[in-house]
Structures are given as structure tokens and as C-alpha cells.
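The structure appears below as C-alpha cells.
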Protein chains: 2
Amino acid sequence: MKLTQRKIYSILKQHGYKLTPQRRAVVQVVTSSSDHLTPNDIYEKICDIYPGTGLVTIYRTLEILAELGLICEVHSGGNCRSYTMGSQQHHHHLICSGCGIVVDFTSHYLNSLEKNLSEESGFRIDGHLLEFIGLCRKCQAVP
Amino acid sequence: MKLTQRKIYSILKQHGYKLTPQRRAVVQVVTSSSDHLTPNDIYEKICDIYPGTGLVTIYRTLEILAELGLICEVHSGGNCRSYTMGSQQHHHHLICSGCGIVVDFTSHYLNSLEKNLSEESGFRIDGHLLEFIGLCRKCQAVP
DNA sequence: GTAGGTGCAAATCGTTTGCAGTACA
DNA sequence: TGTACTGCAAACGATTTGCACCTAC
């Protein structure tokens with residue numbers, strides 16, 4: 001299930017958030033890229049769409065989108081966070097530390113692991129974060 | 001293979017690094033804790049061992065140790081990095097969003113998942129990050 | 001003796017917050 | 001109209017850098 005811009009707009013509205021041009025711009029940028037984007041990447045791209053938008057607004061919008069599960073946060077090793085489109089289907093990331101490319105994958109392993117853990121620990125598990133870091137085929141070739 | 005302090009010292013020497021008391025102190029702190037430590041955690045612990053050591057030196061020492069693969073960097077979601085002894089015994093965290101308690105666990109699921117992923121994607125996988133977020137038994141009881 | 005290591009302070013980077021003005025519903 | 005949203009600037013915390021002094025080898 002892929003989230004269209006329209007769908008995101010309506011979800012935002014449903015939750016009582018106003019639809020400002022800045023928010024539209026952020027949504028547009030995020031949905032139109034399959035890469036993971038740092039707030040700064042988004043900021044730069046937004047200069048073309050809706051100039052004058054502040055970086056602060058982008059941070060605040062990303063926070064909302066992440067909270068609603070419309071995008072997901074990626075911790076790609078470095079010191080800055082980045083975001084990528086979230087299909088509502090739970091997925092995980094395989095990140096290349098060389099070029100930064102992100103490969104999504106899903107795994108049924110996690111479901112059973114989560115169930116076991118929950119039973120053993122008594123936790124009510126709400127979510128998880130799984131990321132693999134490595135080098136993609138291309139970057140392995142380049143020294 | 002478990003890394004002793006002595007072994008780490010000799011590896012440092014082999015690579016042309018000098019053995020200063022500050023570096024010894026960092027190694028001592030890191031090897032004597034099985035937890036994940038932020039540079040600041042280490043800084044505080046070092047006050048007892050070798051007071052006067054600067055936070056800067058800790059950063060620089062950690063960088064060296066990480067580069068030599070003697071410790072490994074952990075990105076526990078938040079905005080600050082932390083380090084842990086690099087044993088090949090990978091473990092993961094189950095974190096309560098209520099009280100913040102952290103439960104460690106290991107999983108053999110991950111090994112097979114990593115292997116599959118590596119084969120399918122062509123990535124050389126160097127590490128991973130797995131965290132579950134939820135509510136522990138106690139926090140579920142308290143509204 | 002010398003190159004490498006240290007500590008301080010200041011710079012830097014990513015992110016957050018306070019606040020006054022603005023615009024969506 | 002009123003509340004939520006925006007943008008600026010300044011605050012903030014983690015990390016890095018410049019530089020003069022120090023110390024392990």
C-alpha cells in the first residue's frame with residue numbers, strides 16, 4: 001500500500017492539522033523521493049517548490065508526519081537523522097555506509113520474534129526499529 | 001574471542017599509538033562495563049580513575065578504538081552515539097517507553113536473517129541495530 | 001629530543017524553543 | 001474570528017578543531 005499525497009493530506013486533516021502550503025511542500029518532496037532525506041535535503045529541495053519555508057517548519061512537519069506513521073525515521077549511522085517514505089507496511093532498512101543507498105525489506109522473522117519476546121518479558125510491544133548497515137555491491141568494489 | 005585490556009593495549013601499540021594513562025583509563029572503563037556508554041558516561045566514570053582527563057581526549061580515543069574495531073558504535077535511536085565492547089555476541093534492547101528500563105536480549109533469528117539478506121542483496125553486512133519499544137508490565141498497570 | 005597526545009576554549013553542526021506576527025478553517 | 005502555524009533569532013547539546021603545552025617512547 002503506497003501513500004499518495006492526497007491520502008496524506010486527508011490523514012493530516014483527520015487529525016486536526018491544518019494544510020498549509022509549507023506542509024504540502026514537505027509532503028510533496030518526501031513522497032517524490034524514494035531516498036532517505038535529511039531535514040536539510042528537504043529544505044534545499046523545498047526552495048524550488050515553496051521558497052521562504054523555514055528549516056524549523058520542516059522539522060516540525062516531519063515530527064508530525066513521523067508521529068502519524070506517514071514517514072519513518074532512519075538512523076543511518078551518522079550524526080544526523082533522516083526520513084523516508086513509510087509504506088504502512090512495516091519494513092526495515094538495509095543501509096550502505098558507502099553511498100548511503102537504502103534498501104527496504106520486510107521480514108516475517110520479526111513477527112515471531114516480537115511475539116516470543118512479548119511473552120517472555122511481559123512487555124506490550126508497540127514498535128521496533130531494525131536496520132542493517134553494510135556495504136552494497138558497488139561500494140565493495142571501490143576501495 | 002574476548003578482548004582483554006592487555007590485548008587492546010598491545011593492538012594499540014602495534015598500530016603506533018602511544019599508551020597514555022588517559023587511553024588506559026578509557027579502555028578500562030569500556031572493558032569493565034557490558035553496557036552501552038556514551039562519551040559522557042565514560043567521562044564521568046573516568047573521573048574516579050584518572051581525574052582531569054578531558055572529554056575531548058575520550059572522543060579521540062573512542063575514535064581510534066572504533067577504527068581498530070576494538071569497540072563498536074551503537075546508534076540507539078536518539079541523537080547521541082554510544083559505544084560498547086566489541087564482542088561478537090550481539091545483543092539487542094527492549095525499551096520501555098514508560099519508565100525507560102532497558103532489557104537486553106539476544107536472538108538467533110537475526111543471524112539467519114542477516115545471512116539471507118546478504119545473499120539476496122549482495123551487501124556485505126557489517127552491523128545492525130534492533131530495538132523494540134513498548135511498555136513493561138509495571139507501566140501497563142499504571143494508566 | 002621529537003612526534004604524537006593532551007586540555008582548554010572556541011567553533012561548528014544539527015536540532016529545539018520563545019515569541020511575535022500570519023494565515024488556515 | 002480565533003487558534004494553530006510560521007519564521008526569525010537565539011538557545012542548546014553533542015561533537016570537532018586550533019593551538020600551546022606536555023609526555024611516552
Side-chain angles (χ1 to χ4, degrees), chain A residues 5 8-29 36-47 49-68 70-71 73-84 100, chain B residues 5-6 8-30 36-47 49-68 70-71 73-83:
Chain A
Q5 291 179 214
I8 293 181
Y9 293 157
S10 86
I11 294 177
L12 280 173
K13 275 193 146 179
Q14 277 170 36
H15 286 79
Y17 294 109
K18 290 180 183 170
L19 267 189
T20 64
Q22 291 91 337
R23 286 185 181 162
R24 286 171 194 274
V26 172
V27 169
Q28 193 177 324
V29 168
H36 60 152
L37 301 168
T38 64
N40 213 57
D41 291 338
I42 297 172
Y43 181 61
E44 284 169 12
K45 282 174 193 268
I46 275 188
C47 283
I49 301 176
Y50 197 79
T53 306
L55 188 51
V56 194
T57 300
I58 295 172
Y59 273 98
R60 287 191 273 228
T61 305
L62 289 173
E63 199 184 326
I64 292 170
L65 293 175
E67 196 179 309
L68 298 179
L70 305 173
I71 60 177
E73 206 172 305
V74 180
H75 308 276
S76 27
N79 29 353
C80 60
R81 78 185 59 175
S82 58
Y83 294 87
T84 190
Chain B
Q5 291 179 214
R6 203 178 319 266
I8 293 180
Y9 294 157
S10 86
I11 295 177
L12 280 173
K13 274 193 148 180
Q14 275 170 38
H15 285 80
Y17 294 109
K18 290 180 182 170
L19 266 188
T20 65
Q22 292 90 337
R23 287 186 180 162
R24 286 170 193 272
V26 172
V27 169
Q28 194 176 324
V29 168
V30 176
H36 295 182
L37 302 167
T38 64
N40 212 58
D41 291 339
I42 297 172
Y43 181 63
E44 284 168 12
K45 282 174 193 267
I46 275 187
C47 284
I49 301 175
Y50 197 77
T53 305
L55 188 51
V56 193
T57 300
I58 295 171
Y59 273 99
R60 287 191 274 228
T61 304
L62 290 173
E63 198 185 327
I64 292 169
L65 293 175
E67 196 179 309
L68 298 180
L70 304 173
I71 58 176
E73 207 173 303
V74 177
H75 310 277
S76 23
N79 31 353
C80 62
R81 77 185 59 174
S82 59
Y83 294 87

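Basis for what follows: all heavy atoms, side chains included, without hydrogens, waters or symmetry-related copies. We name chains A, B, ... by the order of the sequence lines, and we start the count at 1 in each one.
- Summarising the geometry, the separation between CG on B/Leu12 and C1' on D/dC25 is reported as 15 Å, rounded to the nearest angstrom.
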Give me, pair by pair, the N or O atoms of the protein and of nucleotides 22-24 of chain C that are less than 3.5 Å apart, along with how far apart they are.
{"from": "C/dC24", "atom 1": "O2", "to": "A/Lys18", "atom 2": "NZ", "distance (Å)": "3.3"}

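- Atom CZ in A/Arg23 sits roughly 11 Å away from atom P in D/dG7 (whole-Å rounding).
- Within the model, atoms CG of A/Asp41 and NZ of A/Lys45 stand 7.0 Å from one another, a figure rounded to the nearest 0.5 Å.
- Between B/Arg24 and B/Asn40, the residue anchored closer to the 5' end of DNA chain D is B/Asn40, taking for each the nucleotide with the nearest heavy atom.
- Within the nucleic acid shown, A/Gly16 has no heavy atom closer than 4.0 Å to any nucleic acid atom.
- Considering only side-chain atoms of A/Tyr17, the nucleotide from D/dC5, D/dG7, C/dT15 that sits closest is D/dC5.
- Scanning for side-chain hydrogen bond (donor to acceptor under 3.5 Å, both in side chains) contacts around A/Tyr9 gives A/Gln5, with sequence neighbours left out.
- For B/Leu68, the side-chain contact (heavy atoms from CB on, under 4.5 Å) partners at least two apart in sequence or on another chain are B/Ile11, B/Leu12, B/His15, B/Tyr17, B/Ile64, B/Leu70.
- Here the side chains of A/Val26 and A/Gln22 are not in contact, with every heavy-atom distance at 4.5 Å or above.
- Counting heavy atoms of neighbouring residues, nucleotides and ligands inside a 6.0 Å radius, atom CD of B/Glu67 does not exceed 12 of them.
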ask   = A/Thr20 and A/Arg24: side-chain contact (heavy atoms from CB on, under 4.5 Å), yes or no, with the steps?
value = CA-CA 6 Å; A/Thr20 64; A/Arg24 286 171 194 274; over 6 Å; no
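- Bending across the helix from C/dG1-D/dC25 to C/dA25-D/dT1, expressed as the angle between its end axes from five pairs apiece, amounts to 40° (10° rounding).
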Which donor-acceptor pairs under 3.5 Å do the side chains of residues 52-62 of chain A make with protein atoms, sequence neighbours left out?
{"from": "A/Thr53", "atom 1": "OG1", "to": "A/Tyr50", "atom 2": "O", "distance (Å)": "2.6"}
{"from": "A/Thr61", "atom 1": "OG1", "to": "A/Thr57", "atom 2": "O", "distance (Å)": "2.8"}

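- The structure places NZ of B/Lys13 at 5.5 Å from CG of B/Leu19, a figure rounded to the nearest 0.5 Å.
- Summarising the geometry, the separation between CD1 on A/Ile46 and P on D/dT6 is reported as 11 Å, rounded to the nearest angstrom.
- Nucleotide C/dG14 holds its C1' atom 13 Å from the CD1 atom of A/Ile58, rounded to whole Å.
- A heavy atom lying under 4.0 Å from DNA chain C marks the following residues of residues 59-67 of chain B, by number: B/Arg60.
- Look at CG on A/Leu55: it is 15 Å from C1' on D/dA10, rounded to the nearest Å.
- Nearest heavy atom pair, residue B/Val30 against residue B/Leu37, reads CA-CD1, 4.3 Å.
- In this structure, B/Ala66 and B/Ile71 approach most closely via the heavy-atom pair N-CG1, 3.6 Å.
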